[in-house]
Amino acid sequence: DTVKVSVAAEPYPPFASLDASGKWVGFEVDLANAVCKAGKLDCEIVATAWDGIIPALTSKKIDVIWASMTITPERSAQIAFTIPYYNTPAEFIANKDDKFDFAPGSLKGKTIGVQTSTIHAQYVQKAYPDADIKTYGTQDAANADLAAGRLDLVLADAAALDDFLKGKDGTCCDVKTFPKDPIFDGGVGGGLRKEDTDLKAKLDEGIKAIYASGEYATIEKKYFSYEVGTPPK
Amino acid sequence: MPEGSTQAAEDQTPVVQLDNIHKSFGRLEVLKGVSLTAHEGDVTALIGASGSGKSTLLRCTNLLEIPNSGRILIGNEEIRLKPASGGTMAVADQKQLQRIRSRLGMVFQSFNLWAHRTVLENVIEAPVHVLGENKAEAIEHAGELLNKVGLYAKKDTYPAFLSGGQQQRAAIARALAIRPKVMLFDEPTSALDPELVGEVLRVIRDLAAEGRTMIVVTHEMAFARDVANHVMYLYNGNVEEEGAPSKVFGNPNSERCRQFVTPRQH
Amino acid sequence: MPEGSTQAAEDQTPVVQLDNIHKSFGRLEVLKGVSLTAHEGDVTALIGASGSGKSTLLRCTNLLEIPNSGRILIGNEEIRLKPASGGTMAVADQKQLQRIRSRLGMVFQSFNLWAHRTVLENVIEAPVHVLGENKAEAIEHAGELLNKVGLYAKKDTYPAFLSGGQQQRAAIARALAIRPKVMLFDEPTSALDPELVGEVLRVIRDLAAEGRTMIVVTHEMAFARDVANHVMYLYNGNVEEEGAPSKVFGNPNSERCRQFVTPRQH
Amino acid sequence: MAETDVEAFWDQLAAGWGTAFLAGLRITVELSIGGYITGLLIGGLVAWAKLRGPRWLVALANGYSTICRAVPEVLMILILYYAGQQALNGLMASIGFGAVGIDGFYAALMVLGIVQGAYASEILRGAVLALPKGQIEAAKAYGMHGFVLFRRVILPLMVPFAFAGLTNLWMSILKDSALIFVVGYKELISTAMAAAGSTRMYFSFLLFCGAIFYALTQFSNIFIKLIDGHIRRWMPRLG
Amino acid sequence: MSTDLASSFFDNFTWIGKYWPMILGGFWTTLQLLFFSLLLGYPLAILVGFGRVSKNKFIYGLATGFVSVIRGTPLLVQLFILYFGLGSLFPAIPHIRQSFIWPVLKDGYYYVILALVLSVGGYVGEIMRGALLSVPRGELEAGRAYGFHGFSLVRRIWLPRAMQAMMPTFAGETVLCLKSTALAYLVSVQDLLGQINIIRSREAITYTPLLVVAVGYLLATLVIEAVFRRFEANFAKTTRPA
Ligand SMILES: Nc1ncnc2c1ncn2[C@@H]1O[C@H](COP(=O)(O)OP(=O)(O)OP(=O)(O)O)[C@@H](O)[C@H]1O
Ligand SMILES: Nc1ncnc2c1ncn2[C@@H]1O[C@H](COP(=O)(O)OP(=O)(O)OP(=O)(O)O)[C@@H](O)[C@H]1O
Ligand SMILES: [Mg+2]
Ligand SMILES: [Mg+2]
C-alpha cells in the first residue's frame, strides 16, 4: 500500500514549504516524488510536526522522514537512513565589512547565530567554545537578528542562506570562507524504521536512479543556482 | 401560659430529646453533658451568658455541630451517629438526617440569608427544592408569611440591601415556610425594635398554640418568662438551673442564676 | 441623668451637627431631611421601627453613605462635599475626611470584624496603622479594653470562631481603641445577654461621663430612657419626635411615637 | 514600501491563506470548547474529591493535579497519541486484528481536558473554601444535601470566586489549542507560523494571528461580561 | 508487545551522561526566567487588579485595555512583537551598539522576562480583581470608618483579605508561568525545554528527554506547591470548616 513520506510541518523553504492552497512544495517534495516514481513506490506526501516526527515513524503513522534530516552517528543508532539525497555546504555569513579569523578556538566574544538542533549548531559549539552562541528556532529568526545587528555571524546551510542574501534584508552581508570540516559530509537522508529494509533498498534504488537519469539535476536547477547533491559512488 | 402542660406532656413521647450532650472545640469544652426534653407544643427558652454554649447546643440539635458524645432524638427517632476518628462522632445515615432536618426550622443568630437570592426566593427555596412543593403554592404561602413579618414590600430585594431587622424577619419567614414541626430560634429578636419584638413573639406564641415545638435562645428575659413553659439556664457548658419560668425567675436554686435573671437598673 | 445638660450645652459649639440630611437609594427615599445636634458629653439615642433609616443616618454621620444633600459638621469643621453626577454628592477633601473619621468610633450592626485578623489584631489595627500609636502601648491598651468587655481570653481567636456576643464585644473594644471623640453605636447590645447589656451600658455611661459624645441606635427603650439625654424617634425618614427622654417617653406629641415606646405585654 | 507589504499580505490571504486561517479558526474553536468542557467536568470531579473524598482519594487527586500541571502538554500528547498508538497496534496485532487509529483531534482534546481539569480543580476548590460558611449551614439546616445543595446554594455562591480563574482558563485554552499541531492539525497559531515560514512575511502573519485571537477573546468577553453582571447582581457595589 | 512498547518508550537514558551540563544549564535558565517573571509580575498584577476596580475612568480604562490585550493575544505573538518589533528599533539609534545597555537590549532573555511579566500581570491581575470584589463590603466599611483610606486601606485590609481569597489559584498561575518560559527558545534563550529539544533532535530520541523535562518541571512544581500550601494553611486557620 501507500508509503507515507513525511516532511516537517514547519516550513523550510526552499526545501519544503506550504503554498497558499495548502499543498507542500519545494525541492525535497519534488525529489521525494521523483524518487518514489523511480523506486516504483506509491507515495503520499504528508507533514508531521518536528516534535512528533520520530514517534510518528516508530508508531507507524508515517513510513519515511523526508525532512532535511542530517545523517549523524547518534541518529543512526535510533533509526535507519537512506543514502544521502542532498548535501549542501555550510557557510558563515556576516557583515560585509567584518573580518574574522576562523581558526578553531578563536571567535572569542563574537556572537554566532545558528538554528536549533542542526549540524551547524553542533559544529560551532565544538569548534568555537569561547564564542557567544545563540540558537534559534528558525533560520529566518537568526538571519533577522544578523540584519538587526544582534549577531556577528550566522552559520548555516548555504542553500538556506542564499535566499536571504539575495533579499533586501541581506544586502548588509556576504559569505565568509572558512576551513571545511568533515562533519558536514554526512549529508541529508530519508529516515526509516530499522526493520523496513525492503523500503530502504527501494528508496536507495530510486535515489541512485534519478541521479543517473539526470532528473536530479533538473530538479536541482529549478531551486538552486549551484550543486546541492553529490552522486553516490 | 399553661405551666401545667409540661406535666401533662410527660406521658407522651417527647418531640426533641437531647441526652447528655458533650461538645468540645479543640481543647475548649463548650458543652459538658447537657440534656433537654421538649414535648409537643413546648416552648423551651435557653438563657445564659455570652459564650455559655447556647448557640452550640441549638446547632447540635440539628447536627450542624456533631457532638462528641450523647444522643439526639427527634420525634421518636434517634439520629444515628457512629464513632469517627479522634474521639469524635459522624452521622451514620445521611438520608435520615436530611429527612429530619427538613422539618426543623432554624433561625440563625447571624441570619445567614442566601445572598444570591431575593427575599422571596430565600423563603420558597427549601419548600420547593427540598420538600418538592408546587412553586406557585410556595410563593403564595411565602407571600402570607412575608406579610406576617411585615416584609412583603421587600420581597424582590437581595439580602445585602436590607436593614438588620429586615434581614432577621426574612430569616424568620424562611424558617416558617417549611411548616416545621420544631422551630429552633437563635436570638430571633436581637435586631428588632420593641414593636416588632412583640410581633415576632406573637408569631411564636401562635405557633406554640398550633402545637409546634420550639427551642429559643434568647436574651429577652421578658420573653422567656412570658412565652416559654420551660427555661434552661446554661452556665459554663452545664445546665445550672431549669424548670418552669416561675421557678427559674422567681425562686432559682442557683445564686448565679438568680443574679443573671434579676432585672438590673441600667 | 442630668437632663439639663442639653440646655447648658446649647451655648457651646456642638460636636456633631447634621443639617437637613436627605438620602435616597435609587427611588427609595430613606432620609427626608433629618437634623441632629449633639454637644460634648451628649448621649443621643436613635429609636424607630426597623427600616426607618436609623442605620443610614448613623452611616451618613461618618460619610459611609454620602447624603444626597445636607451638611455634616464634626467639631467645628464642616465635611466638605461637592456635587457629583446624577444629583449626588462626593467628598471634596479626602484628607479631611480621614482625619475626622479616625476620631469617630463606630460599632456596626453586623460587627464587621476583619476576618483575617485575631481579636487583638482587630483592636490594635487602627491605633497602630492609622493613628501611628506605638505597638506595645496599643497592645496594652487593647488588653485593658478586652478585659473591660470580658474578652481577654479570646484575644488570639479569629472572628469566625466567636459567638455572636463575643463578636459584638470585640467590635466595641475595637471602636474604643481609637479613643474616639464621638462614638457611633449601631445596636451595640443586640447580641448580648442582660448581664453584658448592663456591662456595655455602664461602659457607655462612663464614656459619657468622660465627656465623650455618643450617638446610639438602639431598641432597648430602657437604655434610651436611662442613659440618653436626648432621644430621637425616626419614622419613615423623618424625625417624628425628639427631646429629653422624659418627654419622648412620658409625654410625646406624636401618637405613633407613644405607641412605639409604650411597653407591651408579651 | 509599507503599502506594498500590506498589498502583498492581502494577496497572500486571497491566494488561499485566508481559507487556511478560516479552517484554523474552526479547529481552534472546536478544540477549545471541547477541551474546556472536558476540563470543567474533570476539574469538578477532582475538586470534589479533594474536598470531600477519603484520604487516599485526596492524595490521588492532589497527585493528579500536580503532575498534570507540571508535565508539558507536548509530552502528554506524544505519549497519548504516539505511544498509545504503538501500544494499541501491538495489542490489536496480538489478538489478530489490524491497526486501529487513534484520532488526533480527540487525543488533543483529552490532553487539553486533562490539563485544564488540573487547573480547574484548584480554582473550584479555592472557590469552595472561600464560601460564606453560614449560608451553607443554613441550607443544610433546611435539609438540603448532595446535588440540590450544590446546585441551589454552593454553585451560585462560588461562581463569583471562581469566575476570574475560569475565564483565564478559557483564554489560555484558546491559545494552548496550538498543541494539536503535533498531531497534524493546523489551528490558528500553527497556520500563522506555516504561512509566515512559507511566505517569509513573519510580522504580517503574526500580527494577523494576534488580531484574530483578539477578536475571538473580545467576542468571548461579551458573554463573560453578561455573566459577570448577572452573578454580581446581588452584591452591593463597592462604595 | 509490552516490552516492545517499554523499550521504545524508554528509548534509553545513555544520552544523559553526555548532556547533563546542558540540561542543568537549561534548568537554571528556566528557574531564572520564572523567578524574575514572578518577582516583577505579581506586583504588576496587584496594580492591574486595583486598576480594574478603580473608579478613576482613566486608570480603569488603562488596566482594562492592558488585560484585554494581554489575555486576548497569544504569548508567542507578544514575544515576537517585543523581540523582533520593539527590539529591532533599537539598533537604529546611533551609538547604541557601543553603549552599556546594548547587551541588555540585544539579549532575548530580557524580552522573555518582559513578555512573561506582562503576561502574569494580565492573567493574575484579572484574578486579583475577582478577589478584591469578593471581600465583604462591611469589612472595608469598617476600615474606612476607622480612618483607613487609599493605600493604608489597601495594604492593611483590602489586599490581605483578597490575597486569602485567591491563595488557592496562586500555585496554578505560577506553574502556568513556569511552563510559559518554554517559549524562550524562540528568541534564542536556551531554557530547559530548549536544550532538551536540541538533544532530542540530535539523538533522534523522543520520550526520555521529555521525561527529564517533566521531572524538572515536576520538581519545580512541587516546590511551588509546597510554598503556597504553607501560605494557604495560614489562611485556613482564619476560617471555620464548612
Ligand atoms: N445599600 C442599600 N441599597 C438599597 N436600599 C437600602 C440600602 N441600605 C438600606 N436600604 C434600605 O433603606 C431602608 C433603611 O435602612 P436602615 O438600615 O437605615 O434601617 P434601620 O432603621 O437601621 O433598620 P433596622 O432597625 O432594621 O436595622 C430600609 O428599607 C433598607 O431596605
Ligand atoms: N467553631 C468554633 N471553634 C472554636 N470555638 C468555637 C466555635 N464555635 C463556638 N466556639 C466557642 O464556643 C463557646 C460557645 O459558643 P456559643 O456560640 O455556643 O455561645 P453562645 O452561648 O451562643 O453565646 P452568645 O450569646 O454570645 O451567642 C464560645 O466561647 C465560642 O468562642
Ligand atoms: Mg450564640
Ligand atoms: Mg439598622
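So you know, we letter chains A, B, ... as the sequences are listed, proteins then strands, and number each from 1. This is a predicted model, so every value here is computed, not measured.
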Problem - Heavy-atom proximity to chain E below 4.5 Å, by part of F163(D) - result: neither
Handout entry: Max heavy-atom pair count under 4.5 Å with chain E, selected residue of L78(D), N62(D), V74(D)
Key = L78(D)
Problem - Interface moiety of D176(D) toward chain E, non-hydrogen atoms closer than 4.5 Å - result: neither
Problem - Structural part of R125(D) lying under 4.5 Å from a heavy atom of chain E - result: side chain
Exercise for the section: List the steps, then state whether ring-ring contact (aromatic ring centres under 6.0 Å, His included) holds for W158(E) with F50(E). Expected result: CA-CA 10 Å; W158(E) 207 0; F50(E) 280 102; 5.4 Å; yes
Fill in the blank from the handout: If one checks every heavy atom of I189(D) against chain E at 4.5 Å, the contacting part turns out to be side chain
Exercise for the section: Could you go through the ring-ring contact (aromatic ring centres under 6.0 Å, His included) check for Y207(E) and Y82(D) one step at a time? Expected result: CA-CA 10 Å; Y207(E) 298 111; Y82(D) 292 114; 8.0 Å; no
Problem - 4.5 Å side-chain heavy-atom contact, P136(E) and R161(E) - result: yes
Practice task
Under 4.5 Å, counting heavy-atom pairs only, tell me which of N221(D), T217(D), D228(D), N168(D) racks up the most with chain E.
Solution key: N168(D)
Exercise for the section: Identify which of S68(E), G130(E), A165(E) forms the greatest number of heavy-atom pairs closer than 4.5 Å to chain D. Expected result: S68(E)
Problem - Residue, of V128(D), T167(D), L207(D), L174(D), that accumulates the most heavy atom pairs under 4.5 Å with chain E - result: T167(D)
Completion exercise
Whatever's closer than 4.5 Å to a heavy atom in chain D on A171(E) counts as both
Problem - Under 3.5 Å: donor-acceptor pair, side chain of K140(D), backbone of L149(D) - result: no
Practice task
State whether the side chain of S134(E) and the backbone N or O of A131(E) hold a donor-acceptor pair below 3.5 Å, judged by distance alone.
Solution key: yes
Practice task
Pick one of side chain, backbone, both or neither for S220(D), based on which atoms fall under 4.5 Å of a heavy atom in chain E.
Solution key: neither
Practice task
Below 4.5 Å from any heavy atom of chain E, which atoms of M76(D) appear? Answer side chain, backbone, both or neither.
Solution key: neither
Handout entry: Side-chain (K133(D)) to main-chain (L131(D)) donor-acceptor, under 3.5 angstrom
Key = yes
Handout entry: Heavy atoms of other groups near Y64(D) OH, more than 12 under 6.0 Å
Key = yes
Handout entry: Toward chain D, the part of E232(E) with a non-hydrogen atom under 4.5 Å
Key = side chain
Handout entry: Residue E126(E) versus chain D: region with a heavy atom under 4.5 Å
Key = both
Handout entry: Closest-packed option against chain E by number of heavy-atom pairs under 4.5 Å, given S65(D), A215(D), A118(D), G126(D)
Key = G126(D)
Problem - Whether R230(E) side chain and V227(E) backbone form a donor-acceptor pair below 3.5 Å - result: no
Practice task
Check each atom of L218(E) against the heavy atoms of chain D and say whether the ones under 4.5 Å are side chain, backbone, both or neither.
Solution key: both
Handout entry: F170(E): which of Y123(E), F231(E), Y42(E) passes ring-ring contact (aromatic ring centres under 6.0 Å, His included)
Key = Y42(E)
Exercise for the section: Measure R52(E) against the heavy atoms of chain D and call it side chain, backbone, both or neither at under 4.5 Å. Expected result: neither
Fill in the blank from the handout: Residue from V69(E), L176(E), T221(E) scoring the most non-hydrogen pairs under 4.5 Å with chain D is L176(E)
Problem - Distance-only side-chain donor-acceptor flag, T73(E) / Q78(E), under 3.5 Å - result: yes
Handout entry: Test item: side-chain donor near acceptor, Y83(E) and S188(E), under 3.5 Å
Key = no
Completion exercise
Note: vs chain E, highest number of non-hydrogen pairs under 4.5 angstrom among Q218(D), R69(D), M171(D) is R69(D)
